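Notes follow the structure.
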Amino acid sequence: MPGEPEGRIADGGLKQRMPDRVFSGSLWAATAPAGPATLPLEGAVRADVAIIGGGYTGLSCALAAAQGGAKVVVLEADVIGFGASGRNNGQVIPTLSRIDPDDVPPRIAPEAGGAAKGEQLVQLVADSAKFTFELIRKHKIECEAVQNGWVQPVHSPGRMKLAAKRVKAWAKRGAPVELLDANGVESITGSKFWHGGWENATGGKLNPLAYVRGLARVAIEAGAVVHTNSPVTSIERTGSAWTVKTARGTVTAEKVVIATHAYGDTFSGSLWPKLMQTVFPVRSHQMATQVYPEEVRATVLPEDHACSDSQGDLHFFRWDAHGRLVTGAALAVPLGWRERAPARAAERVEKVFPQLGRPRFDYVWHGYVGITWDRLPHCHELAPGVLAFVGCNGRGVALATSIGTELARALLGTRIADLPMPFTPLDPFPGHSIARKFTSFPILLYRRRDAKEIA
Ligand SMILES: Cc1cc2nc3c(=O)[nH]c(=O)nc-3n(C[C@H](O)[C@H](O)[C@H](O)COP(=O)(O)OP(=O)(O)OC[C@H]3O[C@@H](n4cnc5c(N)ncnc54)[C@H](O)[C@@H]3O)c2cc1C
């Protein structure tokens, strides 16, 4: 669980910590350009805004707030991108993961803005990949970004109806989407495994660690101060401001953003009572193959799309910039993950792309996805001036960038009610501490359902 990262002592930064071999063993750690030089927080400083967490949410928020003239300090417990932002598959996907656009508006409570607010959230999601790639281009962030589209192939003929429904729903929100028959999907993916699917042309892929390091660089250039190796241990009210403490320093600020997501109790207890009881950290294993020769590569995802299919036990694939296929697998129980996860993924690659043969995996790592019980992103105003966001549900590259940027508008004076996301009260999951031990188990049900649908 993220509460105890491997090779590391979760101690609030007071003891000597070991390097994290899972993080440093990733493809992205081996290939991303170095991030900006940063130091731990020392002493007492004042700022307008303290942002806790140096991932996409925290750093996109820092960038926009600093651009708006705020004095911003970011506190990251480890290195930039240490959480999901530095470990993910790098697919830039402008959708939510398990909830369709038309289903969002009716699920937003009237107190949170109701259906109208839900529709605004859907539009934010629809525009999120476009927004992310534009930000990357504008700031010249070198992160192997390729905006050649994201494709969701379907694993059974019955699922074509769902693909058609999704195309209709996203087209209604102005997204450049297209329904694909089996031949269309085969020509985009190079695989006969699927029955059709759909594509969104604004999606794509990037090197996720390079992207988050680039965000840190541009946030610093805009005036934000970023401290790494600075785990926050508490947030306390001091008069009209908040004091955010680390082992060696404090930041006193009018506004605080908690952007720790699924890693929110990795370094200390949950920083805010009950916040971590609203999100389930679910481990996702990632891996990258050997480099394939150009002629083999040209037969798989030949137009360089990012691809994740319609199965509950998601099959996802993309090329990196150097000819490695980056994929992954979920396990119900993590025991023996270093052998079991690659074995499962290798079997899958061979089945979907027989032309690749049995792959060897040169890099194997994992990270924690922040899942909410209702699969919706959750934004909160925890107390006057304290904002938080959790719940990317596995689709956070574009979504966290967009939401982080919107949170900055609130820091700069926009009313919460005028942001395009619903803000809800904390709704802790009953029995969360027990339930979070079993969050990977639904994968067994998904696999059973997928197999039945494929048969
Ligand atoms: C394996 C994996 C694959 C994924 N694949 C994709 C994908 O292909 N496409 C997609 O869209 N999404 C994907 N996601 C989801 C996406 O990566 C996340 O939604 C996104 O990175 C969340 O960003 P964030 O900034 O909110 O959180 P994070 O990146 O997790 O950042 C939280 C940060 O807070 C820091 N922190 C925690 N506690 C403290 C503290 N006490 N003090 C200071 N700092 C603290 C952590 O060290 C961490 O760096 C994937 C996630 C995982 C784990």
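Every number for a ligand or one of its atoms is a count from 1 in the order of the listing. Source: prediction; values computed, not measured.
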Inset, instruction - Count the heavy atoms of every other residue, nucleotide or ligand shown that sit under 6.0 Å from NZ of K255, and state whether that count exceeds 12. - result: yes
Inset, instruction - Please indicate whether any nitrogen or oxygen in G83 is less than 3.5 Å from any nitrogen or oxygen in ligand 1. - result: yes
Inset, instruction - Examine the proximity of ligand 1 to F267 and report which part, side chain or backbone, both or neither, has a heavy atom under 4.0 Å away. - result: side chain
Inset, instruction - Answer yes or no: does an N/O atom from V397 fall short of 3.5 Å to an N/O atom of ligand 1? - result: yes
Inset, instruction - Flag Y56 as yes when one of its N or O atoms lies below 3.5 Å from any N or O atom of ligand 1, and as no otherwise. - result: yes
Legend entry - Protein heavy atom at shortest distance from atom 39 (C) of ligand 1: T260 CG2, 3.7 Å
Legend entry - Side-chain ion pair, E406 and R409, N-O less than 4.0 Å: yes
Legend entry - Test of proximity, Q286 against ligand 1: N or O pairs below 3.5 Å: no
Legend entry - T266 to ligand 1, any heavy atom closer than 4.0 Å: no
Legend entry - Taking atom 2 (C) of ligand 1 as the reference point, the nearest protein heavy atom with its distance: N88 CA, 3.6 Å
Inset, instruction - Output the list of atoms in ligand 1 that are nearer than 4.0 Å to some heavy atom of N89, sorted by atom number. - result: 3 (C), 4 (C), 5 (N), 6 (C), 8 (O)
Inset, instruction - Please confirm whether E76 comes within less than 3.5 Å of ligand 1 when only nitrogen or oxygen atoms on both sides are compared. - result: yes
Legend entry - Side-chain donor-acceptor contact under 3.5 Å, S402 with S128: no
Legend entry - Selected option - heavy-atom contact closest to atom 16 (C) of ligand 1, from A262, S60, G396: G396
Inset, instruction - Determine whether the aromatic ring centres of W272 and W242 lie less than 6.0 Å apart. - result: yes
Legend entry - Check: F389 ring centroid to H261 ring centroid under 6.0 Å: yes
Inset, instruction - Check F316 against ligand 1 and report side chain, backbone, both or neither, counting heavy atoms closer than 4.0 Å. - result: neither
Inset, instruction - Ignoring angles and geometry beyond distance, decide whether H261 reaches within less than 3.5 Å of ligand 1 through its nitrogen or oxygen atoms. - result: yes
Legend entry - Nearest non-hydrogen protein atom, atom 21 (O) of ligand 1: S85 OG, 2.9 Å
Legend entry - atom 19 (O) of ligand 1: nearest protein contact (heavy atom, Å): C392 CB, 2.9 Å
Inset, instruction - Could you list all the ring pair (Phe, Tyr, Trp, His ring centres under 6.0 Å) pairs where at least one residue sits in residues 37-65, not counting sequence neighbours? - result: Y56-Y211
Legend entry - Structural part of L271 in contact with ligand 1, heavy atom criterion under 4.0 angstrom: side chain
Legend entry - Structural part of Q91 in contact with ligand 1, heavy atom criterion under 4.0 angstrom: both
Legend entry - Option of least heavy-atom distance to atom 18 (C) of ligand 1 (set: A84, A77, G81): A84
Inset, instruction - State whether a side-chain donor-acceptor pair under 3.5 Å links T31 with N207. - result: yes
Inset, instruction - Take the angle between the ring planes of F82 and F23 and call it parallel below 30°, perpendicular above 60°, tilted in between. - result: tilted
Legend entry - Closest non-hydrogen atom pair between L407 and M421, with its separation: CD2-CE, 3.9 Å
Inset, instruction - Look at atom NZ of K245 and say whether more than 12 heavy atoms of other residues, nucleotides or ligands are closer to it than 6.0 Å. - result: no
Inset, instruction - Look only at the side chain of Q123 and the backbone of R173, and say whether a donor-acceptor pair between them is shorter than 3.5 Å. - result: yes
Inset, instruction - State whether the shortest distance between N or O atoms of V232 and N or O atoms of ligand 1 falls below 3.5 angstrom. - result: yes
Legend entry - Part of T57 within contact of ligand 1 (heavy atoms, under 4.0 Å): both
Inset, instruction - Tell me, yes or no, whether the heavy-atom count around K165 atom NZ, taken from other residues, nucleotides or ligands under 6.0 Å, exceeds 12. - result: no
Inset, instruction - Return the residue, atom name and 0.1 Å-rounded distance of the protein heavy atom closest to atom 37 (C) of ligand 1. - result: Y263 O, 3.2 Å
